Amino acid sequence: MNGELTATSGGRPVLKNVPSFSELGTTPPVSVSSFELLTSAQCEEIASRYHRSGLAIVQAAAGVSSEKSLLVLAGKLGLGDPFVPPVYAGSASIGQVGLSRMSVSAGPGGESQHPSFQTTNKQDTHTDGTLQRIGEVKTSALLCLGAAASGGETFFFNSAGAYAKLAGEDPAAARALLMPDVLVRSANMPGIDASVSGPAFSILDEGLVTRFSLSSTDTWHVSDDATGTDLLRGIKFLLDLRLQESECYWETVLEPGQAVIFANDRISHGRKSYENTPGSPREILRGLFTKRPEPGGAR
């Protein structure tokens with residue numbers, strides 16, 4: 001159930017668990033010898049960064065070479081087993097352990113199994129779990145096994161932080177983004193015709209969550225009344241904050257052995273286009289999780 005956007009006595013709404021990108025770019029990755037040897041203190045630091053900034057980057061010195069590496073990291077952080085959206089049931093895009101492999105060489109014989117995973121093209125701003133209810137896929141994790149020759153920056157948009165700014169400046173536009181059918185997201189898997197309407201943002205008991213996405217299969221339901229005008233104003237506000245020089249935007253080039261764990265229901269992300277080194281393609285493992293990192297690691 002979507003909560004109400006209510007103002008405090010000072011006139012500005014209070015939204016819980018909104019991340020800030022202020023530390024990104026000045027704080028180095030959490031450096032570990034290997035994911036298997038993560039300490040409770042390191043897990044707590046990763047979880048703390050996740051909750052403050054919406055994401056945390058971990059750099060392993062050695063031992064990162066397969067799906068097991070990402071599963072070990074997820075287990076240490078208390079994320080549980082990977083969540084596989086029903087739309088992927090029986091798909092070659094998901095491995096036996098529930099992880100996706102994003103590389104142009106991932107499909108058998110070079111055949112594309114997913115139009116986004118096996119391509120060097122740009123992936124626009126989105127959240128993972130296209131057809132899932134808002135807030136269900138809380139955490140996404142990416143593990144780099146091989147970097148591109150050029151390009152391939154992973155970028156993040158603090159959509160929750162941008163929404164919080166909008167709510168303070170234009171409450172009517174912010175309320176329009178809470179409407180239950182404002183954003184329609186559609187599956188882009190071959191042979192699957194499915195879409196889900198829902199809000200772009202929701203205010204739940206745990207705080208503000210989002211499914212803000214701007215990919216080629218996302219459409220906005222803009223009515224012809226005043227609410228539609230409010231919505232367009234809200235979308236423009238968010239688009240302006242999605243620019244690279246904005247405090248709500250940050251990008252990085254993932255290096256081999258680096259993992260990024262981020263709050264999929266609080267920040268949106270994407271990837272720039274890239275070029276591969278012949279015979280050594282960019283390769284990323286992805287896992288989706290319905291839990292968040294626990295301070296101190298798994299109990």
Side-chain angles (χ1 to χ4, degrees), residues 24 29-30 32 34-35 46 50 54-75 77 79 81-85 88 91-108 110-130 137 139-157 188-189 213 215 250-264 267-289 293:
L24 299 179
V30 177
V32 302
S34 71
F35 296 150
I46 293 167
Y50 170 102
L55 66 94
I57 294 182
V58 188
Q59 174 72 62
V64 175
S65 60
S66 67
E67 290 90 346
K68 180 183 176 183
S69 302
L70 185 52
L71 294 177
V72 167
L73 176 60
L77 295 174
L79 295 177
D81 294 330
F83 169 75
V84 179
Y88 291 125
S91 168
S93 297
I94 301 291
Q96 292 184 348
V97 296
L99 303 178
S100 303
R101 185 177 295 266
M102 295 185 284
S103 171
V104 293
S105 64
E111 180 182 349
S112 175
Q113 300 297 314
H114 191 290
S116 298
F117 293 170
Q118 282 84 56
T119 177
T120 61
N121 297 334
K122 176 184 178 180
Q123 293 183 13
D124 212 338
T125 308
H126 67 282
T127 57
D128 293 329
T130 303
V137 181
T139 301
S140 294
L142 303 176
L143 173 61
C144 180
L145 301 182
S150 63
E153 296 88 346
T154 300
F155 61 85
F156 298 93
F157 172 53
N188 62 349
M189 291 287 291
S213 300
S215 71
W250 187 73
E251 68 178 44
T252 187
V253 177
L254 292 177
E255 301 176 357
Q258 281 190 345
V260 56
I261 300 92
F262 59 95
N264 178 67
I267 64 177
S268 307
H269 67 287
R271 186 203 68 212
K272 294 185 176 180
S273 62
Y274 65 92
E275 294 184 2
N276 274 321
T277 301
S280 182
R282 181 182 190 268
E283 189 169 8
I284 303 288
L285 294 177
R286 186 194 75 168
L288 308 181
F289 303 90

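Quick caveat, the model's predicted, so the values are computed rather than measured.
Side-chain contact between V137 and T127 is absent, with no heavy atoms from C-beta onward closer than 4.5 Å. Here the side chains of F35 and L143 are in contact, with some heavy-atom distance below 4.5 Å. Residues F262 and D128 are in side-chain contact: their nearest non-hydrogen atoms beyond the backbone lie under 4.5 Å apart. Inter-residue side-chain proximity for V260 and F156 is flagged as met; some heavy-atom pair is nearer than 4.5 Å.
Rounding to the nearest 0.5 Å places CG of L288 at 9.0 Å from CG of L99. Note that OG1 of T252 is 9.5 Å distant from CG of L24, once rounded to the nearest 0.5 Å. With rounding to the nearest 0.5 Å, the separation of CD1 in I261 from CG in L77 is 5.5 Å. In this structure, the separation between CG on L145 and CG on L254 is 11.0 Å, given to the nearest 0.5 Å.
Residues passing the salt bridge (Lys or Arg N to Asp or Glu O under 4.0 Å) test with D81, sequence neighbours excluded: none. Annotation: side-chain contact (heavy atoms from CB on, under 4.5 Å) contacts of T120 (sequence neighbours excluded): V104, Y274, N276.
Without hydrogens or angle criteria, N264 side chain to S140 main chain gives no donor-acceptor distance under 3.5 Å. Side chain of S268 to backbone of S213: no donor-acceptor contact under 3.5 angstrom is found. Of the possible polar contacts, one joining the H126 side chain to the H269 backbone as a donor-acceptor pair under 3.5 Å is found.
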- Trace of the side-chain contact (heavy atoms from CB on, under 4.5 Å) decision for L70 with V97: CA-CA 10 Å; L70 185 52; V97 296; over 6 Å; no

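Partner of M102 under the side chain to side chain contact (heavy atoms under 4.5 Å, CB included) criterion, out of L142, T119, L285: L142 alone.
Residues Q123 and F155 share a closest heavy-atom pair of O-CZ, 3.6 Å. Between P256 and Q59 the shortest heavy-atom distance is O-NE2, 3.5 Å. Minimum heavy-atom separation, L71 to P82: CD2-CG, 3.6 Å.
With hydrogens and angles left out, the side-chain atoms of T139 and Y50 include a donor and acceptor closer than 3.5 Å.
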Distance-only check: which donor-acceptor pairs under 3.5 Å involve side-chain atoms of residues 146-154, not counting sequence neighbours?
none

